[in-house]
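First up is the structure itself, then whatever we jot down about it.
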2 protein chains.
Amino acid sequence: MAQSDTVDRILDAAEELFADRGFSETSLRMITSKAKVNLAAVNYHFGSKNALIHAVFARFLTPFSATLENAFDELEERCDGKPPTLNQTLWALTESAVRMPQRNEKGISIFMRLLGLAYTQSQGHLRKFLEQEYSEPFSRFMRLLKEATPQLSSVDRYWRIQFMLGATAFTMSSSDALRDILQNKLGVETTVQEIAARLVPFLAAGMQAEDAMLIPPAGSKVSVA
Amino acid sequence: MAQSDTVDRILDAAEELFADRGFSETSLRMITSKAKVNLAAVNYHFGSKNALIHAVFARFLTPFSATLENAFDELEERCDGKPPTLNQTLWALTESAVRMPQRNEKGISIFMRLLGLAYTQSQGHLRKFLEQEYSEPFSRFMRLLKEATPQLSSVDRYWRIQFMLGATAFTMSSSDALRDILQNKLGVETTVQEIAARLVPFLAAGMQAEDAMLIPPAGSKVSVA
DNA sequence: ATGCGCTTCAAACGTATGTTTCAAACAGAC
DNA sequence: GTCTGTTTGAAACATACGTTTGAAGCGCAT
């Protein structure tokens, strides 16, 4: 075997199992047996299970954040001076994700699923790791969003960004299950690209909705038991 | 102690811990020590950890689904014949959730977080349990949504409903944290009702967005490393 | 007071986990 | 070929988990 083919085999197996089952539900023994590698190899090469989780994220997030920076650079250059629109900003993000060179056909959906899990599973160490490693592209995205929605108050924008994040993270984190359901119910095949293509207009429309109505429409009172 | 104060103490502790940390990450020992109850009590009263998870969901989902049925009844009666609008349907759901009698001030956000986890953490048994116990109000909500958005294809509607679910579950489940951040950053106080009042227009706008654009806008090509 | 369900309790069970150990196998330089 | 540092291997470690056990405690009708 090559120098450390082992490292990649572990990362491949871990990535897939984490995406399928979550972090706590995936044991090192599952990973090493799927990777056809000795159990001790994980601790030898990575140090701990948590460090392995970080390595899995770093492997796709580092090139992704570089791609994203490029996309933002090009976008801002193309708009020279004027701030990019909301649609342009969201598409830049989406395309960067979708066009990332994939290791296999499941690549993009694993990628998305892992991002969803990072938000959803409250693994403190992961949160900290991601925040300190990838804060820059994140802040830049936030700044672009702000410039693209000058009509919103800070408070409205804040909440709507949370809504966008939620819709995205949630959908992506269960995208496999949702695709299966759709396949069985309506017999429709769906790719991650198509999901993204449906998600972006939804987000853009929500983001640009008319003023939040702070009081429910007249006559909508609901009886409570 | 009353007859089985123990059962409620276990449910209270379990509910909060599950919402905080997820199911696999919460051990029976954490639950019983938080509830100040003997470890064996869980298996004595509920039979197993999975059954406890079901009981936690049943405790709030059963009254909620009754409240929701009432709200839908009243709504359909008020509209006599004509299908309720999307806004009306969403408000009926939202108000039913917000007006549920809460055990404490964190009630609504725990409730939401648990629903999110139920979707997200791939606990097969939970999925099955929820589907067979609460399929009726769920189907009814889906039917109302369908009648309120006749312009959407089934596939578009399906995905947009997932986006709504995601935005809602995610936001509500972390609403405590998000409220705190907002308080510190902008000095703004926010109630759950206000969040809901911002969320509903966002969802309605996303749901009614123009046709999903399946191809990115011209000129949005992104350079890839 | 006695006996009978139901509930609590401390302790243990068997299993699975992440991690460590240390000897064996290996690769490359001399 | 021999030595050296790196990687693999089988086995064990300590710990945590969900669950089970059997005795003790309790309220209450008889």
Side-chain angles (χ1 to χ4, degrees), chain A residues 1-59 117 121-129, chain B residues 1-59 114 117-118 121-129:
Chain A
M1 284 179 197
Q3 41 162 3
S4 224
D5 176 73
T6 301
V7 167
D8 290 316
R9 292 241 299 285
I10 292 175
L11 285 172
D12 288 339
E15 182 177 82
E16 197 161 337
L17 286 169
F18 285 153
D20 275 6
R21 325 173 28 97
F23 305 111
S24 317
E25 294 82 356
T26 302
S27 72
L28 292 184
R29 283 167 177 81
M30 293 178 197
I31 294 169
T32 53
S33 80
K34 180 181 177 104
K36 293 194 176 61
V37 146
N38 188 273
L39 169 61
V42 170
N43 284 279
Y44 175 75
H45 286 288
F46 298 94
S48 70
K49 183 181 180 180
N50 281 352
L52 169 61
I53 296 176
H54 296 175
V56 165
F57 275 85
R59 185 168 63 151
L117 287 182
Q121 314 229 143
S122 57
Q123 303 263 12
H125 68 95
L126 223 194
R127 267 278 224 312
K128 235 169 273 176
F129 171 77
Chain B
M1 285 181 198
Q3 42 163 359
S4 222
D5 177 70
T6 300
V7 167
D8 289 316
R9 293 241 298 286
I10 293 175
L11 286 172
D12 288 340
E15 182 177 82
E16 198 159 336
L17 287 169
F18 286 153
D20 275 5
R21 326 172 27 97
F23 305 110
S24 316
E25 295 81 359
T26 302
S27 72
L28 292 186
R29 284 167 177 84
M30 292 178 197
I31 294 170
T32 53
S33 81
K34 180 179 178 107
K36 293 193 175 61
V37 146
N38 187 274
L39 169 61
V42 169
N43 284 278
Y44 175 76
H45 286 287
F46 297 94
S48 70
K49 184 180 179 180
N50 280 352
L52 170 61
I53 295 175
H54 297 174
V56 165
F57 275 85
R59 184 168 64 151
L114 286 175
L117 287 182
Q121 314 228 144
S122 56
Q123 304 261 15
H125 67 95
L126 222 193
R127 266 292 227 302
K128 237 169 271 175
F129 171 77

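A quick note: this is a predicted structure, and the numbers were derived from the prediction, not measured. To find a chain, count down the sequence lines: A is the first, B the second, and so on, and within it residues start at 1.
The side chain of B/N38 places an N or O atom within less than 4.0 Å of a non-bridging phosphate oxygen (OP1 or OP2) of C/dA10. A/S27 has no side-chain polar atom (N or O) that falls below the 4.0 Å cut-off from OP1 or OP2 of C/dA16. Contact annotation: A/H45 side-chain N/O to D/dT8 OP1/OP2 distance is under 4.0 Å. Of the side-chain N and O atoms in B/S48, none sit less than 4.0 angstrom from OP1 or OP2 of D/dG18.
Nearest to the side chain of B/L28, among D/dT19, C/dT7, C/dT19, sits D/dT19.
The interatomic distance linking A/L17 (CG) with C/dG18 (P) rounds to 12 Å, in whole Å. Atom pair A/D5:CG and C/dA27:P shows a separation of 13 Å (rounding to whole Å applied). With rounding to whole Å, A/Y44 atom OH is found 7 Å from D/dT6 atom P. Rounded to an integer number of Å, the gap from CD of A/E25 to C1' of C/dG18 is 16 Å. In this structure, the CZ atom of A/R29 is 13 Å from the P atom of D/dA11, given to the nearest Å. As rounded to whole Å, 15 Å separates atom P of C/dC13 from atom CG of B/L39. In this structure, A/I31 places its CD1 atom 14 Å from C1' of C/dT19, rounding to the nearest Å. Straight-line distance from the CG atom of A/N43 to the P atom of C/dG18: 9 Å, rounded to whole Å.
Ring orientation note: the planes of A/F129 and A/H54 are close to parallel, at an angle under 30° on the 30°/60° scale.
With contacts defined as side-chain heavy-atom distances shorter than 4.5 Å, the pair A/T26/A/D20 does not qualify. In this structure, B/R29 and B/L39 have side chains that are in contact, with non-hydrogen atoms separated by less than 4.5 Å.
For the side chain to side chain contact (heavy atoms under 4.5 Å, CB included) test with A/F23, the passing option among A/I53, A/L52, A/V56, A/N50 is A/I53; the others fail.
Within 4.0 Å of B/A40, counting heavy atoms only, lies at least one base atom of the nucleic acid. Residue-level contact check: A/T26 touches the backbone only, with heavy atoms under 4.0 Å from sugar-phosphate atoms and none from bases.
Atom-to-atom distance recorded for B/I10:CD1 and B/D5:CG is 10.0 Å, nearest 0.5 angstrom.
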